[in-house]
Each structure stands twice: as structure tokens, then as C-alpha cells.
Amino acid sequence: MSNYHIKHLEEYFQVYRKSVRNPEGFWEEIAEEHFSWRKKWDRVLRWDFKKPEVTWFEGAQLNITENCLDRHLSTRGDKTALLFEPNDPKEEAQHITYRELHGRVCQMANVLKAQGVGKGDRVCIYLPMIPELAIALLACARIGAIHSVVFAGFSSIALATRINDCDCKMVITSDGSYRGNKTLDLKSIVDAALESCPGIEKVLVVQRTGNAVSMHPKRDQWLEPLLEEAPQLCEAEIMDAEDPLFILYTSGSTGKPKGMVHTCGGYMVYTAYTFKNIFQYREEDVYWCTADIGWITGHSYIVYGPLANGATTVMFEGVPSYPDFGRFWEVVQKHRVTQFYTAPTAIRALAKESLEFVERYDLSSLKVLGSVGEPINEEAWHWYNNNVGRKQSPIVDTWWQTETGGIMISPIPFVTPTTPTYATLPFIGIQPALMDEEGQELTGNQVSGRLCIKFPWPSMARTIWGDHQRYHDTYFSAYENKYFTGDGALRDAVGYYRITGRVDDVIIVSGHNLGTAPIEDSINEHPAVAESAIVGFPHDIKGNALYGFVILKEIGEGRNRENLSKEINQQITEQIGPIAKLDKIQFVSGLPKTRSGKIMRRILRKIASKDTSNLGDISTLLNPEVVEEIMENAL
Ligand code: PRX
């Protein structure tokens, strides 16, 4: 019997048990029955979390684009694959069929080849949410090049760091991007980045906004004329299941961003299988995930997961507030969207606006609502459930990470009874564990601890590009034989999981992962700054916002503190991007430190959150007197 589509709770438990008792047998069956392979595997799973080393479907050969495109041509050739909704509602939406998408992917793949890109080469993609972005990912996958998408809100310095880290030879970008009523000049950000990227040989530029750009004579070319001449057929490169498919960077609590490496076979199987079940996707549905393809959510649940199931997937270029706060719901009505997947930060922002923006539209097409990226608070959950879902569309609170490749803990709609703020039960094949401070696994229910996963799953990242040791140290060294997620969680009386947030120095702001260390490094480069510490504090819309405590060297002539705050944020914007700007900056004379010189962030976090009734023991601090001063002047 195929377990590809789970339809009731008993079936979930039964399939879950099977997936845990015999993971190899279980995944082999799913892989065999629902995907096309050029060659079958020799071995389903090999793993050793000590090294760590994990392989799925070793020896198998495939091309993921044959699964996402070619195999649908005979049955769904005229079905819409990508439904592009532009930033400006007056611009017409584009319905790109599977046949057309196949042709366009092949054309772009042929262009990449003609420009010297081959199997294993890294290609950086820095594009807005336009069809060419999805096409570029698939074109790379078609020829076996490894895509590294960088979110087009990152600064030129952040872009350059990512290009150089994995040694990309090409960048695909556009002349500009539309976001609400703004037009951003992406090409000049790329130009600035490339001043420090000697490895880049070619830049392909998509025309989107028509703004003037400078084209570097030997390096840069407009993409359209090249595409026009390219043939619409391109033989798919045959890939090993364990060949890298893409690199995607995520912030760590320290050091430079980590290039998570995902591979072809397991990633395809797991993203497709989770997509089918967690969105209860059916053939006639129109699925919309509002994430940007610059993040893992977009990779797995706008592009690969949906297309592998032959779905219609909406790509939205705009923002929820343009031309007004009804835009999401206008798009739902217009395209009769059936599954809607977004982030709590967007829900909170929309919940602040008049309900009229929701009530104006017919949302009766919606069947399933999704949430991802950060814990969803109870108020936002109810607002979403009552007003968008009309208490009829279950909310799937999906917990997962860039590193996990696919959704790990989530209800299955119409199958798992939901509870606000709970991600509920592990998905099929996922074996979570909660660990206490001593490194012991907490068994039984009604416990809370650090969330680990104790058995491999097909879409887990295999390494950090160029730094396998760091992969080991970050994820596999805290607890023996377990993948450590960096999150805290509790398991309630019925075994449901609730994710309580990060337990390391990563802060999630508006659903974006931000490491404190790179932001502090950026602040410390300001000539007036001696030292700084960043912590998160609760924010109505963003979930968390950033609070910086900054020690100045000396302010210097003609500078005041207000200007300095602006300069510090300007510097962060230039080095990382506007998403990492600080909401509050407090200038302090010292930072609370332990005798070994470590900043006691716990205290700063409490001060930033205005929760100073119990600061805990501060007598062990090197400089307890500074705490009083910081508290008095807290913002
Ligand atoms: O802390 C968890 C939070 O987001 C982190 C992963 O971020 P990133 O790699 O950017 O991937 C985001 C999209 C998958 C996690 O370690 N997180 C993600 N989803 C949830 C969540 N926290 C609570 N509930 C969620 N549903």
C-alpha cells in the first residue's frame, strides 16, 4: 500500500510507526513509487552522526528537474505550474504552464552552458521574485550546476561574502526590483559586490524595471537576447542522488554565514512528500507560499516540493501592504487560492490593520493555512484562524530550518487536531528528542528541553560548504549521536511539541534568522565604537527586535548620539542589509561581564525586555555596578 497521502489520524500513527521501525524500507517505497530515477539506489541509507556522514539513496541517479517538469508534460502539460502575481496589481498575472516552464528552463540551461557553466560549478542568483528566479534555480539543477540564491535584500558586502565563500563563477541578477512603491537598483549592488569577487566571470542581467544600469563590457550581458536564441530542449544532466543541488546560507551565532549544502535525491523525496501531506495538496488546488525564494521556505515550498507534485504554485513579487493592506486577500480571491502559507510576522502586521481589508474579499477558496519561521503567538493564531480561515481552514504551524530542508514538526491538516501555538507532532520519519542541561534525553510527556533529532531524514543538509568541521561542531557535538537544532521546545501531556525559541545567540526578527556576532562585528567597525552587544526583545509585529548596547570610545567633534545611532544603523545596512537594523541603541559605559570576560547576555536580555524583577545572581560579575547604570538608562 502506498503511504504517499495520509488522510486520517489513525493512518498517521500507523505510517509514523512504520517510518520509525523500518526507515529504509519506508523511504525506499516512497522513493520508488512516486519519483522517476535514471538508476535505482544500491543502498537506501548510510549514516554516522559522529563524523557526521549521511547518505540517502546512494548510487541512485536522477535529475530533479525531470521530476519537477518532464514527467508532468504528458499529463499536465497545459496546467499552470507557476502563477506569477506582479507587484503592481494592474500588471497582468502570468500563468506559465508546465510545458512552457519546461521550455524556458531548458532555454536558460542552454544559456548557462553556452556561458561556460558546467556540472558542479556554483552560480549565485540575486533576483527579485519574478519567474526568472524560479527558472534560474531549475536551469542550474538541469545542468548540475549548484545554485546559491542570495536574498535580494542583502547588501553588497553580504552578497560578496556569500559569492566568495563558495567561489561562484556567475551571478544572475536583474536591473532592478519592485517592492511596493519602491524600485530598488539591484544591479549596482551586484556591481559593488563584484569589486571584491575576482572569481566571477559572467553576469547575466534580467530586465525587469527598465532603470539605467551600467554593463561591464566583457562580464555582463542581458539575458533576454541570449534566451531568445537558445533551444527549448536541454538534456538533463544525470546526477548522483548525493550530488549537491544547492547551497543556501544561514546565519550562525558566531562567525560568517554557513553555506548549508543540500543534495539531489533525499531533498526531492522529502520536500515532495511533506508538501503533499502538510498542505493536503490535490490536483485542482492553487497553492501560495508568500516567502521569498531567497530563503529555504521558497526553495522547498515554492519551487521544488510543489513542482515535484505537479502543483500550481503562486509566486508573488510584492509586499502585503501595497497598494494597501488587503493585497494578500485580493490575490487569494483573484486566483482562488486553496493553500496559503505565510509567516507570523506578516499575520501580526495585518492583524493591526482594519478588518475591512480582509472582509472586503471572498476567501472561501481557502482550505489550509500555514505558518512558518518563528513561533506564532496565540493572538495572531486566533486572528488568522477566525478572520482568514473563518474557523474552517486548519492552521499548520510548521517547524523546520534551513538545515532540515523540509518541514519537521507540523500538524497534517484535517488529520491532526490543532492547538494554538503548537507545531504538534513530528512528521513521518522524524524522531525528535528533548534533552536536559546534563545531556540526558527527557523521556515521557510534559517536559521541556533542547530540541534534537536522533535519526537522519532524507532532506537534511549534508555539510557546510568548505567547512565540514564546523558542521560537526555546530550540530553534532552538543549531544552524542544527535542533531542539535538550536531551539528549545516542550512536549505537552498528549505529546504535542511547542517550539519555545532559540537557545543560542541567533535572534529571529520578522522570521529572519540573525546571528548576533556579525551584527556586533559590523557595529564595532564604526570608528567611535569600542564594543557592543546585541540582544533580542519582544516586538508586536517582528516577534523580536534588536537592542544594541554600545560602548563608545569617544564621540568626537561634531557628532551627537542621535547621529551616531543613525550611522551605526547605516553601517549595518551597508554590511548586512536593512533587516539587521537595530530598533534601540543604548550607549553604556560598560557591559556586564563574567570574570572570564564573557558578556552576560542573559542580563542584557532581561533589561531589554523590561523584565528586571529577577536578574538572578549578578555577584559573580566582574563589574556588577554597570548593571544598575544600564537599567537606569534603559530605553
Ligand atoms: O527557531 C526556529 C524558527 O526558525 C529557525 C529556522 O530558521 P531558518 O533556517 O531561517 O528557517 C526558517 C524557515 C523554515 C528555527 O530554528 N522557526 C521556524 N519555524 C518555526 C520556528 N519557530 C517556531 N515555530 C515555527 N513554526
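When a ligand or atom number is given, it counts from 1 through the structure's own listing order.
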Within a radius of less than 6.0 Å around CD of E379, do more than 12 heavy atoms belonging to other residues, nucleotides or ligands occur? no

When you look for heavy atoms under 4.0 Å from ligand 1, do you find them on the side chain of R502, its backbone, both, or neither? side chain

Verdict with supporting geometry, D540 and K352, salt bridge (charged side-chain N to carboxylate O under 4.0 Å, His left out): CA-CA 9 Å; D540 275 3; K352 278 204 166 303; 3.2 Å; yes

Residue and atom name of the nearest protein heavy atom (relative to atom 25 (C) of ligand 1), distance in Å to one decimal: E374 O, 3.5 Å

On a heavy-atom basis, which atom in Q280 and which in V415 lie closest, and how many Å separate them? NE2-CG2, 4.4 Å

Between T443 and V447, which heavy-atom pair has the shortest distance, and what is it? O-CG1, 4.0 Å

contact_flag G373 ligand 1 heavy-atom lt 4.0 Å: yes

Any heavy-atom pair between the side chains of V332 and F340 that's under 4.5 Å? yes

F246 and H299: aromatic ring centres closer than 6.0 Å? yes

Can you confirm, on distance only, whether ligand 1 has an N/O atom lying under 3.5 Å from any N/O atom belonging to Q401? yes

Go through ligand 1 atom by atom and flag the ones less than 4.0 Å from a non-hydrogen atom of D487. 1 (O), 2 (C), 15 (C), 16 (O)

Can you tell me how far the CG atom of D292 sits from the OG1 atom of T290, to the nearest 0.5 Å? 9.5 Å

Closer than 4.0 Å to some heavy atom of D397 - which atoms of ligand 1 meet that? 24 (N), 25 (C), 26 (N)

Proximal ligand 1 atoms for W400, defined as those under 4.0 Å from one of its heavy atoms: 6 (C), 14 (C), 15 (C), 18 (C), 19 (N)

I need the minimum non-hydrogen distance between P306 and I302, along with the two atoms involved. CG-O, 3.6 Å

Atom indices of ligand 1, in the order listed, that fall short of 4.0 Å to a heavy atom of V372: 13 (C), 14 (C)

Counting non-hydrogen protein atoms only, what is the nearest one to atom 11 (O) of ligand 1? Give residue, atom name and distance. T402 N, 3.6 Å

Output the list of atoms in ligand 1 that are nearer than 4.0 Å to some heavy atom of I508, sorted by atom number. 1 (O), 2 (C), 3 (C), 4 (O), 5 (C)

Interfacing atoms of ligand 1 (cut-off 4.0 Å, heavy-atom, T398): 19 (N), 20 (C), 25 (C), 26 (N)

Measure the distance from atom 13 (C) of ligand 1 to every protein heavy atom, then report the residue, atom name and distance (to 0.1 Å) of the closest one. T297 OG1, 3.4 Å

Can you confirm whether more than 12 heavy atoms, excluding those of K51, are under 6.0 Å from its NZ atom? no

In the protein, which heavy atom is nearest to atom 23 (C) of ligand 1, and how far is it? P375 N, 3.1 Å

Ligand 1 N/O within reach of T485 N/O, cut-off under 3.5 Å: no

Is the distance between the ring centroids of W457 and F455 under 6.0 Å? no

Ligand-residue contact atoms, ligand 1 with I499, heavy atoms, under 4.0 Å: 22 (N), 23 (C)

